[in-house]
Student: 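Questions regarding the structure given below will be posed in turn.
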Amino acid sequence: MADAPAGLSTEIVVVVAHPTLEHSRVTQRMLATTSTGLGARNGRVDVRDLYARYPDYFIDVAAEQAALKAARLVVWLQPVHWYSMPPLLKLWLDEVFAFGWAYGPGGHALRGKDLWLVASTGGPEASYHPSGHNRYFFDAYLPPYEQTARLTGMRWLPPLVLHGAHRVDEATLDEHARLFAERLHSWPAWPELADLEPEAGCEVPADARPALAAE
Ligand SMILES: Cc1cc2nc3c(=O)[nH]c(=O)nc-3n(C[C@H](O)[C@H](O)[C@H](O)COP(=O)(O)O)c2cc1C
């Protein structure tokens with residue numbers, strides 16, 4: 001699956017952030033399943049592999065912003081690294097979700113879109129528990145993601161997470177990848193979205209960024 005071809009408008013942007021995709025078990029399988037499982041929607045999904053696009057970490061911010069503007073659903077497909085996102089996705093966020101574009105005065109470019117985190121962890125589900133080595137339930141690591149969505153006026157969709165990425169059996173992995181493709185295919189007709197309110201966004205005053213406010 002590649003960029004949406006000219007003529008078909010993009011509905012979904014999948015931002016893939018995996019520093020060693022060639023060694024991946026989960027993320028690679030999900031991308032492979034997605035490329036065959038989307039049916040008519042295939043041409044409307046723009047898959048952007050950040051580590052392939054920007055091996056030197058020089059992100060084309062205008063191109064990324066244009067891709068986001070075109071879409072209604074933004075997906076972050078990533079392994080969990082240190083309870084968070086891989087570094088190039090963090091840099092992408094720092095640069096692409098800019099003040100005055102994604103948030104702050106005049107920063108409404110993402111308002112009304114959906115954000116869906118699709119992630120995998122090495123730790124099994126039982127490790128994300130007060131008695132496990134990760135000590136907290138997995139949800140406890142998600143507020144920075146969720147608030148990033150809310151600050152920019154994006155609706156935060158229930159994340160899709162596969163725990164125990166190295167040890168789940170092939171059938172579980174296949175089912176997870178199939179579910180990912182099916183959800184991309186059926187969005188926004190997900191039963192659980194019927195109860196989700198549109199995100200109102202948060203106003204961030206100009207003086208939240210002194211250097212820019214002084215210009
Ligand atoms: C640098 C690094 C940090 C990681 N941090 C975590 C972590 O905080 N929690 C966790 O459960 N797994 C962690 N992992 C394991 C990855 O989440 C796991 O390898 C990945 O989800 C597997 O997906 P893949 O098959 O697509 O590579 C880490 C792996 C690496 C390389």
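One-based numbering, in listed order, for ligands and for the atoms of each. When a residue number appears, it is its place in the shown sequence, counting from 1. Model, not experiment: these values are computed from the prediction.
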Student: For ligand 1, note which part of S120 has a heavy atom under 4.0 Å away: side chain, backbone, both or neither.
Tutor: both
Student: What residue and heavy atom of the protein are closest to atom 22 (C) of ligand 1, and at what distance?
Tutor: A165 CB, 3.6 Å
Student: What protein heavy atom lies closest to atom 29 (C) of ligand 1? Include the residue and the distance to one decimal.
Tutor: H81 CD2, 3.5 Å
Student: Between Q28 and ligand 1, find which residue part has any heavy-atom pair under 4.0 Å and reply side chain, backbone, both or neither.
Tutor: neither
Student: What protein heavy atom sits nearest atom 5 (N) of ligand 1, and how far off is it?
Tutor: W82 N, 2.8 Å
Student: Would H166 count as a contact of ligand 1 if the rule is a heavy atom under 4.0 Å away?
Tutor: yes
Student: Tell me yes or no: between the side chains of D46 and T10, is some donor less than 3.5 Å from an acceptor?
Tutor: no
Student: Below 4.0 Å, non-hydrogen atoms only: which portion of Y128 touches ligand 1? Side chain, backbone, both or neither.
Tutor: side chain
Student: Measure the distance from atom 15 (C) of ligand 1 to every protein heavy atom, then report the residue, atom name and distance (to 0.1 Å) of the closest one.
Tutor: G122 N, 3.6 Å
Student: Could you check whether R178 pairs with E182 (Lys NZ or Arg NE/NH1/NH2 to Asp/Glu carboxylate O, under 4.0 Å)?
Tutor: no
Student: Is the shortest distance from a Lys or Arg side-chain nitrogen in E192 or R183 to a carboxylate oxygen in the other one below 4.0 Å?
Tutor: yes
Student: Using a strict cut-off of less than 4.0 Å between a Lys/Arg side-chain nitrogen and an Asp/Glu carboxylate oxygen, indicate whether K69 and E64 qualify as a salt bridge.
Tutor: no
Student: Please list the nearest protein heavy atom to atom 8 (O) of ligand 1 with its residue and the distance rounded to 0.1 Å.
Tutor: Y83 N, 2.8 Å
Student: For this output row, return yes or no: ring centroids of W116 and Y145 closer than 6.0 angstrom.
Tutor: no
Student: Distance only, no hydrogens: is a donor on one side chain within 3.5 Å (strictly under) of an acceptor on the other, for E199 and W156?
Tutor: no
Student: Is Y136 atom OH crowded by more than 12 heavy atoms from other residues, nucleotides or ligands, each under 6.0 Å away?
Tutor: no
Student: For atom 16 (C) of ligand 1, which protein heavy atom lies nearest, and how many Å away is it?
Tutor: V80 O, 3.5 Å
Student: Distance only, no hydrogens: is a donor on one side chain within 3.5 Å (strictly under) of an acceptor on the other, for D139 and Y128?
Tutor: no
Student: What pairs of donor and acceptor atoms, side-chain ones from residues 94-109 against any protein atom, are under 3.5 angstrom apart with sequence neighbours left out?
Tutor:
| from | atom 1 | to | atom 2 | distance (Å) |
| --- | --- | --- | --- | --- |
| D94 | OD1 | K90 | NZ | 2.9 |
| D94 | OD2 | K90 | NZ | 3.3 |
| Y103 | OH | R209 | NE | 3.1 |
| Y103 | OH | R209 | NH2 | 2.7 |

Student: Do me a favour and list the nearest non-hydrogen protein atom to atom 27 (O) of ligand 1 with residue, atom name and distance?
Tutor: H18 NE2, 2.6 Å
Student: Return a yes/no value for P79: is any of its N or O atoms, backbone included, closer than 3.5 angstrom to an N or O of ligand 1?
Tutor: no
Student: Does an N or O from N134, backbone or side chain, lie closer than 3.5 Å to an N or O of ligand 1?
Tutor: no
